[in-house]
Amino acid sequence: MYFLGFDWNPEGTLFKLGFLQIKYYNLLWIAAFVLGWFIMKKIFLNEKKSMEKLDSLFIYTVVSIMLGARLGHVFFYDWDYYKDHLVEILLPIRERANSSLFGLINGYEFTGFTGLASHGATIAAIIGIWLYCRKWKDIKMLWLLDRLVVPSAIGAAFVRFGNFFNSEINGKVVDKSYFLATRFIRDSDDMPAYQAMALTKEQTPNAAYKAIQHNPEFSEALQSIPYRHPAQLYEAICYIFVFIALYLLYWKTDWKNKPGFLFGLFMVLLFVVRFFAEFYKKSQGGFEDTLGMLSTGQWLSIPMILIGVYFMVKPAPVEL
């Protein structure tokens, strides 16, 4: 039996409240942090840690992860652009002609926080945890990392679902007979917004993309957009299994009492998934053209995997 693929063309914005836009991507990030807080609350109660320390931990992790994820994307993948657009690094805006930011600043549009890198988030989270443990000296760093990886795994899945809603980090071209073949109508390479608007004469990207999908007049343009692997879904589903494995290991086994083991296993599983998922993704840029052979994401995943193996094979050589 053959499936003929399907079109994927979500608007990306769940709803608007005046100038405030609530996007699926941002909502899934919020959901990841909220769910993570509840999971860590259950763990803290189980280990008789105070809620004051959990609230402090929440602040440290949110700030470090968001900052690291953003800076990771900027420096690992898109520095050529951001070196000339420094104001956009930490603000949820992007320069675009004929746009107006909240009707006040011409030449910019509100995008929400897009362009976030998991490798940067991981590095910054570890730094944030180190700073947190300096404040709460009775909490050991490896003890905390072994527990934080449980919500981190499901959080990673939520982020990839957000990427899917954003039609970003799309996969390589695949035949439409493939059962998960997805035509990302809003793919920034296959049909950038300016091209869609010029073709349809519509005034907004959303109207232009809807016209391409539904108006027979633009059927040729629609057919020119290739089907691709939904690589974001591959990763998200695998991360759910990583979460289940870590959750069960924490609650059903004694591995949590071997400092560094669950953290190491998380690093290995998460970044092995990332390494192999990269084979299905189109290029995300970065330094792969310089190093060749592997993608930027794969090169960045290798040291993460090696760090994980180290902590699994020789957990807690020094108590941190």
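All heavy atoms count here, side chains included; hydrogens, waters and symmetry mates do not. Each residue takes its place number in the sequence, starting with 1.
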Trainee: Using side-chain contact (heavy atoms from CB on, under 4.5 Å) as the criterion, list what pairs up with Asp84, not counting sequence neighbours.
Mentor: none
Trainee: For Asp190, what residues pass the side-chain hydrogen bond (donor to acceptor under 3.5 Å, both in side chains) criterion, not counting sequence neighbours?
Mentor: Arg228
Trainee: If the condition is side-chain contact (heavy atoms from CB on, under 4.5 Å), which residues does Ile30 pass it with, not counting sequence neighbours?
Mentor: Val34
Trainee: Please walk me through it: do Tyr280 and Asn170 pass side chain to side chain donor-acceptor pair (under 3.5 Å)?
Mentor: CA-CA 9 Å; Tyr280 296 95; Asn170 300 327; over 6 Å; no
Trainee: Could you tabulate the donor-acceptor pairs under 3.5 Å formed by side-chain atoms of residues 208-216, not counting sequence neighbours?
Mentor:
from	atom 1	to	atom 2	distance (Å)
Tyr209	OH	Met191	O	2.6
Tyr209	OH	Ala193	N	3.0
Gln213	OE1	Asn9	ND2	2.9
Asn215	OD1	Glu217	N	2.9

Trainee: Can you list the residues that meet the salt bridge (charged side-chain N to carboxylate O under 4.0 Å, His left out) rule with Lys281, with sequence neighbours excluded?
Mentor: Glu235, Glu278
Trainee: Is the charged tip of Lys258 near the ring of Trp255: under 6.0 Å from the six-membered ring centre and within 45° of its axis?
Mentor: yes
Trainee: Taking only residues two or more places apart in sequence, or in another chain, which ones meet Tyr132 in a side-chain hydrogen bond (donor to acceptor under 3.5 Å, both in side chains)?
Mentor: none
Trainee: Can you name the residues that form a salt bridge (charged side-chain N to carboxylate O under 4.0 Å, His left out) with Asp189, not counting sequence neighbours?
Mentor: Lys282
Trainee: For Ala156, what residues pass the side-chain contact (heavy atoms from CB on, under 4.5 Å) criterion, not counting sequence neighbours?
Mentor: Tyr239, Leu270
Trainee: Residues two or more places apart in sequence or in another chain: which of them pass salt bridge (charged side-chain N to carboxylate O under 4.0 Å, His left out) with Lys42?
Mentor: none
Trainee: Should the ring pair Tyr247 and Trp251 be called parallel, tilted or perpendicular, given that the plane angle runs from 0 to 90° and is split at 30 and 60?
Mentor: tilted
Trainee: Considering residues at least two apart in sequence or located in another chain, which fulfil the salt bridge (charged side-chain N to carboxylate O under 4.0 Å, His left out) criterion with Asp138?
Mentor: Lys53
Trainee: Identify, with sequence neighbours excluded, every residue that meets side-chain contact (heavy atoms from CB on, under 4.5 Å) alongside Pro151.
Mentor: Ile39, Met40
Trainee: Between Asp7 and Arg183, does any NZ, NE, NH1 or NH2 come within less than 4.0 Å of an OD or OE carboxylate oxygen?
Mentor: yes
Trainee: Tell me, please, which residues at least two apart from Asp55 pass side-chain hydrogen bond (donor to acceptor under 3.5 Å, both in side chains).
Mentor: none
